[in-house]
Amino acid sequence: MREPEPEPTPDPAAWETGLEQLLAFARRRLSGDYTVDEFGYDRDLADSLLMPAVRPLYRKWFRVETIGMHNVPDTGGALIVANHSGTLPLDALMATVALHDDHVGHRQLRLLGADLMFKLPVVGELARKNGATLACMPDAERLMDTGELVGVFPEGFKGIGKPFRDRYKLQRFGRGGFVSAALKTGVPIIPCSIVGAEETYPKIGDIAPLARLLGAPYFPVTPLFPLLGPVGMIPLPSKWYIEFGEPIRTDQHDPADAEDPMLVFNLTDQVRETIQHTLYRLLSQRRNVFLG
Amino acid sequence: MTSSRTTSSGTKPSVVLVTGVSKFLGGNLAARLAADPDIERVLGVDTVPPPRDLLRRMGRAEFVRADIRNPLIAKVISGASVDTVVHASLSSTPASSGGRTAMKEMNVIGTMQLLAACQKAESIRRVVLKSTTAVYGSSPRDPALFDEAMTPKELPSGGYAKDAAEIEGYLRGFGRRRPDVSVTVLRFSNFIGPRIDTVLTGYFSLPVVPTVLGYDARVQLLHEEDGLAVLERAAVHELPGVFNVAADGVLLLSQAIRRAGKIAVGVPRGAVGPVGRILRGARVVDFSPEQMRFLNFGRVVDTARLKENFGFTPRWTTVQAFDDYVRGRALRPVLGAERLASVERGVLSLARLLH
């Protein structure tokens, strides 16, 4: 722990602007005076409330370090493909904060989520307001066509719900739908490797009957959960690294190549291998899970 | 004296038959067509006469009290040599049509009879159907936007949406049997506006508005005047095909309720059914299960085809249409914008004073 910084003398002007902004935000929210896009992304809420809520987790708890941010274009469509882990999708949230805060273009990551998420109350609502939409071809193509930065976790539940002993071993990459969508729209694919998320909730067991009862893909058992109850839901403070790799161009292919299964499989494998190798390299450089 | 003035997209109709003229859209469409001097005759059909002021507005349009479920409708069509039929009578509210059975009968059997009559009539050149975007259903597995080529993830199990899907099927069959007839299907989103009465206009005027707890549906609307303009354009020009008709932009349900100055009350999903039934039983708002699904998950459609192929861009966005409805109905806001602004000023000056 560092020495607590001396309290800065409150500047009356700054204090007043802060209050003014807060009140203006409250008034906008209460009178419905904000715009939402067709996917349900509520920028006013995301920037003023959701982002500040997860930022402390990003800065103070996981102390996320980003590498290769220059590989993400400042404008225009692109597809970020990342590994998925950690029982709860904190990696999706941290990647969103990283691109919003640490990228020069302050880009909003538009995540593609599983349908289960949109079925859930509150979670589905907040996900849409934070820019996510259902992982399906029409939505992915529409977002990429309009120059958005789209984020996808092709491993899905197989990745996020894998046992702790399989940490940092990439699971199967679905059917490569994300590659087809990128080929169709001609946007670059940026491999993204996230280290640290596996250790937030080490999943050492799975209570399958309980999962079936709740309709969930798994019911995790971690060293602290459900043993310690709600306290067990606090993620372990692992040190995180998020590395964005060299973009893989898709615009030299014909959009019709999206139908070519061989090309789609090859590109899918290329992305998967790149992420897997980057993960191994980052892990070999890491000396301590919690200190980095 | 048939007026056969050729437009860029076909000929103008000379005898138009409009169904459902006792309702806002049918009646006002008949009125608009009657005001067009190029159209020789306008026949308005319904089982009940339109309200007096609507009938007056319909001017020279002739009201024919007929039931489209009755084969007599064939006599009306052939007797007047109708060349264009605008089928605008599809009902979405069981209560206004005397129960769900009667509604289904009116919607489905009525359309079958009407199409059978059209198939026999040599004079028919154009059929326009007022359908609904409800045919896409509403579920958490939906893509963000539906285009006309997409099919619902879960087939509508009943109600208005199922009726509309069946009717569209009959119309496709009709189009195959009469390839010389131009068939236009207009899938409208929910209407809103100061004059039209729909389930949604009733819903938003409740003092306390029930919503599904933990869900915030994306709602896309269409201003009543834009709806009329689209129906008129489809009746007057030859624009075959299926078109989504909706305004640009979306509102979240919570946002719409706030813009109307109302207070939303979240109802847990399990209790939504009983609450809906109570409101329906008390004749407050006529919620059907598919409307409750819509208020749960929402629905947005892609209108590129409407703009590019149909040649129509709605004048009102969803937000503008909704605000026009709030102003036009003079809804009494519980939380008005002025009151909020004055509270904001009050808190600021109080804070400055204390500082």
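Sequence lines set the chain letters: A, B, ... in the order given, protein chains first and strands last, and positions in each chain run from 1.
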Note to self: Holding to side chain to side chain donor-acceptor pair (under 3.5 Å), I want the full list of residues that pass it with B/Glu344, two or more places apart in sequence or in another chain.
What the structure shows: A/Arg27
Check: With respect to chain B, which residue among A/Leu23, A/Asp115, A/Val122 yields the maximal number of heavy-atom pairs within a distance under 4.5 Å?
Finding: A/Leu23
Note to self: Checking A/Ile80 against A/Val152 for the side-chain contact (heavy atoms from CB on, under 4.5 Å) test, could you report, in this order, the C-alpha distance in whole Å, the side-chain angles of both residues, the deciding distance, and whether it holds?
What the structure shows: CA-CA 6 Å; A/Ile80 309 261; A/Val152 70; over 6 Å; no
Next item on the list: Heavy atoms only, distances under 4.5 angstrom: which of B/Val300, B/Asp302, B/Val347, B/Ile257 has the most pairs with chain A? Name it, please.
Entry: B/Asp302
Note to self: Heavy atom to heavy atom, less than 4.5 Å: which residues from residues 204-225 of chain B reach chain A?
What the structure shows: B/Leu213, B/Gly214, B/Tyr215, B/Asp216, B/Arg218
Checklist line | Close side-chain approach of A/Glu259 and A/Lys184, heavy atoms under 4.5 Å | finding: yes
Next item on the list: With salt bridge (Lys or Arg N to Asp or Glu O under 4.0 Å) as the test, would you mind laying out the steps for B/Arg187 and B/Glu168 before giving the verdict?
Entry: CA-CA 10 Å; B/Arg187 290 180 181 155; B/Glu168 283 194 13; 2.6 Å; yes
Note to self: Can you tell me how the ring of B/Tyr325 sits relative to the ring of B/Phe322, calling it parallel under 30°, perpendicular over 60° and tilted otherwise?
What the structure shows: tilted
Check: Does a side-chain N-to-carboxylate-O contact under 4.0 Å join A/Arg172 and A/Glu155?
Finding: no
Next item on the list: Using a cut-off of under 4.5 Å on heavy-atom pairs, state which of A/Phe39, A/Phe118, A/Tyr34 scores highest against chain B.
Entry: A/Tyr34
Margin query: Under a 4.5 Å cutoff for heavy-atom pairs, which residue among A/Thr133, A/Asp139, A/Asp42, A/Leu126 has the most contacts with chain B?
Written below: A/Asp139
Checklist line | Residue-level interface, residues 242-253 of chain B with chain A, non-hydrogen cut-off under 4.5 Å | finding: B/Val250, B/Leu252
Next item on the list: Pull out the residues in residues 137-147 of chain B that come under 4.5 Å of chain A, heavy atom to heavy atom, sorted by number.
Entry: B/Pro140, B/Arg141, B/Asp142, B/Pro143, B/Ala144, B/Leu145
Check: Using non-hydrogen atoms only, which part of B/Ala256 is less than 4.5 Å away from chain A: side chain, backbone, both, or neither?
Finding: neither
